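Values below: all heavy atoms of this structure, side chains included; hydrogens, waters and symmetry mates excluded. Predicted, not measured: the structure shown is a model, and the values here were computed from it. Atoms within each ligand, like the ligands themselves, are counted from 1 in listed order.
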Amino acid sequence: MQIKLQFLGAAQNVTGSRHLLQADDTRMLVDCGLYQERQFKARNWDPFAVPPGSIDAVLLTHAHLDHCGLLPKLVRDGFKGKIYCTAATSEIAQIILLDSAKIQQEDAEYKRKRHKREGRKSPYPEVPLYTTEDAEACFPLFSQVEYRKSIDIGDGVEATFYDAGHVLGSSIIRVKVRQDVQERIILFSGDIGRPDRPIVCDPTVFDRADYVFIESTYGDRVHEDTEDIKKLIGDVINSTRKAGGNVIVPSFALERSQEVLYYINELLLEGTIDRLKIFLDSPMATRITSVFKHHAELFDKKMTEFVKRHKSLFDLPGLELAGSAEESKAINRIKGPVMVIAGSGMCTGGRVKYHLVNNISRPDSTIMFVGYQATGTLGRRIVDGEKEVRILGQKYQVKARVVRIHGFSAHADRNELLEWLRELEAPPRRVFVVHGETESACSFGDYVREQTGWEVAVPAYQDEIILD
Ligand SMILES: [Zn+2]
């Protein structure tokens, strides 16, 4: 028995998750993500390390773009096997892939025009990485699996999906390779959530594994949970209402938007805030929210009881889902106070830009950030306190109140990751630390070694290893 693994992404960086696992003649790709860091984006255009037609199956941990975003290219380039994932992941991934294809097409068009005008050349071709048709072509290959029910990949290889508690439908994948009397268990953590988060369950723990591939997004940090998220949101809504302004929330479409609604619902039920008009102004968030609605079986205990008592969380009073662009524009004609949750999360595109234009120079309005703001984004410039920002080609004075809520995180921190590993009853043969910036991954690797004495490696891009 020979098991080989090749790291094709998320190796000393966060995005582009792709692990190629080969057990004898069976080839599997665990995740097929898009590179999103500017310095690595060109890798999205590289040919795959092996012909896609030679890969037997894709095992998909969850629907975030950095885990599923390169599937349309894999399929276009010849992959014909099944893409195994949970039903919720398959439904959300399809929404996200269609959106991504649209962005790829718009981006290519924009770059082509700009480069022509400026006489420059792009480091990668000015044609879309993939199109809507390419995205749609992968949908028939999605094969839905249930948590904890093993699927047979062939040649003694078996895969089982377990709840990762990261986003709805997210999984930790356990691969079992068996030959004669020999057996190896390999765990792919995907992204691991945190205990006690709203809506989703806690991450599954395991007592046995021979090899573990663990994420390390926050491998060098400990979340400070001193913030009471619900109280902060309540304070923002009440004070902004008193001032007569609006609350604008730039938010990611998957999980974060639904979490914000969850807290608002609790505040309304407790009577901490009065009823107000809330707009979920993101067609993608609205579509994803409807996936949440019909996958109530995935909710944690608290949320399940909540749904029993109050019907659906997402039918809260005052909530309106803006679909068309017209409906979105109409929000700005409503005399406040209103709350608008809109994408994109870092204000790099989407409808939130129009709401910022209408509110950023109003001292009575509040811009409430609930997610990470990467360097160089409009969101980052606003949270960094710039007095003037450029939105849609125009300059605006920042006079609105800017509030940042740090407590939201869908990733386990250093201590939570170590606790998750420590559930293993015997030391694994080796732990591989992936899905983290070099500093974070190495720091977490050292920490695990120090705390457990286990053998730990931090692989680099394109490294190949033989297990055993
Ligand atoms: Zn993720």
Side-chain angles (χ1 to χ4, degrees), residues 7-19 29-37 40 44 58-71 83-97 99-100 147 161-173 187-195 197-204 212-219 221 223 251-260 284-285 288 291-292 295 298 343-346 370-374 408-414 416-417 420 433-437 440-441 444:
F7 299 89
L8 303 175
Q12 299 191 28
N13 76 297
V14 173
T15 66
S17 247
R18 267 175 260 164
H19 305 306
L29 190 59
V30 180
D31 287 339
C32 186
L34 194 73
Y35 276 102
Q36 292 170 294
E37 290 114 328
F40 298 129
N44 290 328
V58 172
L59 310 176
L60 180 61
T61 60
H62 66 288
H64 274 148
L65 208 54
D66 61 325
H67 292 258
C68 76
L70 212 62
L71 283 169
I83 301 165
Y84 292 104
C85 60
T86 62
T89 296
S90 133
E91 289 164 37
I92 299 168
Q94 296 185 18
I95 297 167
I96 285 181
L97 289 177
D99 184 71
S100 169
Y147 282 139
F161 290 59
Y162 298 86
D163 200 336
H166 169 60
V167 294
L168 197 79
S170 65
S171 307
I172 295 163
I173 304 175
L187 276 186
F188 292 93
S189 80
D191 288 353
I192 303 183
R194 311 186 58 200
R197 298 298 304 163
I199 309 175
V200 289
C201 295
D202 288 356
T204 310
V212 183
F213 295 80
I214 186 166
E215 71 128 320
S216 59
T217 313
Y218 291 120
R221 266 162 287 177
H223 295 312
S251 179
F252 301 101
L254 170 55
E255 208 70 30
R256 195 58 41 87
S257 294
Q258 293 81 20
E259 283 176 358
V260 171
M284 184 157 72
I288 291 175
V291 178
F292 274 67
H295 279 295
L298 299 176
S344 70
M346 300 189 210
V370 291
Y372 177 71
Q373 304 299 314
F408 286 99
S409 176
H411 289 272
D413 66 12
R414 187 188 71 173
E416 290 159 347
L417 289 169
W420 182 81
V433 181
V434 295
H435 201 286
E437 307 283 347
S440 181
F444 183 65

- Counting distance only, does the side-chain N/O of T217 pair as donor-acceptor with the main-chain N or O of G436 below 3.5 Å?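 Absent.
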
- Do any N or O atoms from the side chain of T204 and from the backbone of D163 form a donor-acceptor pair under 3.5 angstrom?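 Yes, because the side chain of T204 sits within donor-acceptor range (under 3.5 Å) of the backbone of D163.
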
- Query: What do the steps show when you test S189 against E215 for side chain to side chain donor-acceptor pair (under 3.5 Å), and what is the final call?
  - Reply: CA-CA 6 Å; S189 80; E215 71 128 320; 5.8 Å; no

- Near the Zn ion (ligand 1) (cut-off under 2.8 Å), count of protein N, O or S atoms: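 Considering protein N, O and S only, the Zn ion (ligand 1) has 4 within range.
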
- Query: Below 6.0 angstrom between ring centroids: does that apply to H67 and H435?
  - Reply: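 Ring centroids of H67 and H435 are less than 6.0 Å from each other.
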
- Item | Spacing of CZ belonging to F40 relative to CG belonging to L34, to within rounding of 0.5 Å |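 Reported to 0.5 Å precision, the distance equals 13.5 Å.
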
- Task: Can you spot which of R194, R197, R221 makes a salt bridge (Lys or Arg N to Asp or Glu O under 4.0 Å) with E416?
- Result: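 The option that passes is R194.
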
